[in-house]
Amino acid sequence: MGVEEKGKVPLLPSGVPVGSKPHATDSTLFAQGRPKPLSLDESVAFIKNWFRAQSLNVMAYGTGCGSIELGPLGTSRFDMERFGITGGPTPRQSSVLIISGYLSVKTLKRVIRSYEQMPNPRWVVALGSCTINGGMYWDSYSTIKILDQYLPVDVYVNGCMPRPEALIAGFKDLMDMIKRGEANGYIEYQNNLDWYRANQRKVIKDWNLPEYSW
Amino acid sequence: MNEFVQEIQARFEVLWSNPQRPDLMQIGVRQVNALPLLTWLKSNTGYFILNHFSAVDWIEDGEFQLTYLLTDYAARRSLMVCVRIDRAAPTAESVHHLWPEAVTYEQEMFEMFGISFPGSPRQGVDLLLEGWEDIPPMRRDFDTAAFAEEAFGFRPGRTHTNPRDRVAIAFGQKGFLHDH
Amino acid sequence: MELLLQILWSSIGVLIAVAYGLLTGGIVRKLFARIQGRVGPPVYQGFIDLGKNFFVRDNISHGPMFYFGPALRTAGGVGIFLFIPAIVGWAPGENFSFAGDLLLVMYFMFFGSLGMALGGSAGGHPHTPIGAGRGLSQMTAFEVPFILAVIALVADTGSFSVHDLTLAQAGGFLEWNLLTHPFAAAAAFIAMLGMNGYAPFNVVGAPNEIPVGPMTEYQGGFIATLGTGRAIFAIAKMILFMDLFLGGATSILEAFIKVFVIYMWSVAVAAVFPRYRVDQSMRFFLGWPALIGVVAVLLALF
């Protein structure tokens, strides 16, 4: 009595061995529910979409070399704030996620997590050729090639790297799409979550994310 | 630099030496001599900074080559110590007790080449490839393009444009740039 | 009947204060942009951000305590506004001023930050307690010169009512406490820099280090509520300063102008100064400003 059996690690109430590093699927730490499917129809969608388009918050998260192009956007030369675009310091307060350039599998896991923490409506702008078809990393063992298999992309900005002007043009396109009610990638993601999950699990071999990263 | 190589030769067996530049010497030593040599270099000479630590895959010889780049900043000289290890059972002695910064290099080499350094901290901890199941990707028998094609796939409709082909289209089949 | 009418007037006053706060925030953003050589957002950007945050489709909560942050912060702003006279001598603008309201208002100033510390910590993000701790410690520091200045005014006038303090300054700008009590005014206006949270003292919500401090986990409707609270809080504080030091206002236009001028003082400082660390700002507030406040109290007493 009272003596631990040798070689047997005691378990936490959640079934996780003591001393092992916290696992993201630990149900005591994370919410486990799945999101409800979203519908397109909203009341007074026109007014809501106008407000959403005029005030975009770009999440401060650079995934690849393209994030070097995001810095100048805030400076006096390009000044994205004149379109109402500001930086979102956390996923919770952001509405636009920019995938800036190549996306390695390791980063993809973090990106999925960040994307699912953003509140709806949310949009993805993919920057550079790497997100479209691999770009110069077409034969790399660690970067994904077709981004829209893993995340719903609303606007692609091609180039290697695109200039900040091109990015601003992409933002203007996104704003027009939001105003017309066409930028509905977030609805697609929520409604086809199983398809996206299957693709994500195919490349992320050590899948340790919760059911949905609330 | 040659005098310095002779000084090393007096203590350890130097298999070959190759002066690449006036300030850069390359020497090859046996694996058993590697750790004593590095310890001696660090404690007794000016070469006490590990600038770089990497591996080369000599698949034809069935060997890996570990390269320690040591620098003497006072004399502005560098010494490249090359050690061949067996490719079938790649194990080398860790130098993390001499240079703590070697831990990251050793972690990376374990992941990218499968070379294990017993005793090194963070050995086997994922650095970049989380959940990697294939053979280590920096080995030369790993086919990156085929792996990427199989794992990530191409979007249909991709066309391939080699600059050489464009030259051929513009200047005829003879080729413009390659014709001397 | 009179009470109902007063409630109606004060509600309209709160709405006007929110609108004016949002507009002033937009003007400040535009000003900063022009100083940095940018075009800047339109001045009505604050309203668009508010609307956009209200139209976020899902809000993620972290339990009942999570709601306290925005609620208490907005309540603090509304409380300050309701208990001080916005326009002296005009019944609709007097709000619910009563004898001793100055003490209540000082309490309300602490209220919002305490609420954020409580509510934000319910989110469980490690940055939240860091931000809340910075905010509370900085607040303790800048309260010292501000309270010393208030004590000086109260000792001289003999009343804890903002209304009486304002009436004591009637009769031309030469009677303003800004000129008759220069030391108290200096201490209070330096403390205001800390209260507003603009540049030298904005480490609380430092967006680059601890994303946004106490607000890290808030989103959507919570942020919209916080934005409303911040707008009215800023205006209410300016009205308090106007009543205490600039002789109050006798018309809406005068109130608008004076509030704007006082607001621009902290903006002008913010435009040219980098950020203090929290220990530096505490050392700053407990140094010269506190000393000036002590001198003000001594001058008022003897």
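Each chain gets a letter, A, B and so on, in the order the sequences are listed, and its residues count up from 1. Worth saying up front: this structure is predicted, and the values here are computed from it rather than measured.
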Segment of [X] engaging chain B (4.5 angstrom heavy-atom cut-off):
X: A:Ile204; value: neither
X: A:Thr107; value: neither
X: A:Lys145; value: both

Should the heavy atoms of other residues, nucleotides or ligands under 6.0 Å from [atom1] of [X] be counted, would the total exceed 12?
X: B:Arg140; atom1: CZ; value: yes
X: A:Phe83; atom1: CZ; value: yes
X: A:Arg77; atom1: CZ; value: no

| request: Hey, could you give me each pair passing salt bridge (charged side-chain N to carboxylate O under 4.0 Å, His left out) that has a residue in residues 142-153 of chain B? Not counting sequence neighbours. | output: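 For residues 142-153 of chain B: none.
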
So how far is it from [X] [atom1] to [Y] [atom2], rounded to the nearest 0.5 Å?
X: B:Leu129; Y: A:Lys205; atom1: CG; atom2: NZ; result: 10.5 Å
X: A:Tyr141; Y: B:Trp132; atom1: OH; atom2: CH2; result: 7.5 Å
X: A:Asp139; Y: B:Phe147; atom1: CG; atom2: CZ; result: 12.0 Å

Set out, in order, the CA-CA distance, both residues' side-chain angles and the distance that settles salt bridge (charged side-chain N to carboxylate O under 4.0 Å, His left out) for A:Asp148 and B:Arg155, then state yes or no. CA-CA 10 Å; A:Asp148 47 26; B:Arg155 195 186 294 274; 3.3 Å; yes

Report task. Please name the pair of heavy atoms, one in B:Ala148 and one in A:Trp138, separated by the smallest distance, quoted to 0.1 Å. Result ->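 Of all heavy-atom pairs spanning B:Ala148 and A:Trp138, the closest is CB-O, 3.8 Å.
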
Engaged part of B:Glu133 at the chain A interface, taking heavy atoms whose separation is under 4.5 Å =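 The side chain, not the backbone.
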
Next item on the list: Just give me the residue among B:Gly153, B:Ala146, B:Ala151 that pairs up with chain A most often, heavy atom to heavy atom, under 4.5 Å.
Entry: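 The answer is B:Gly153.
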
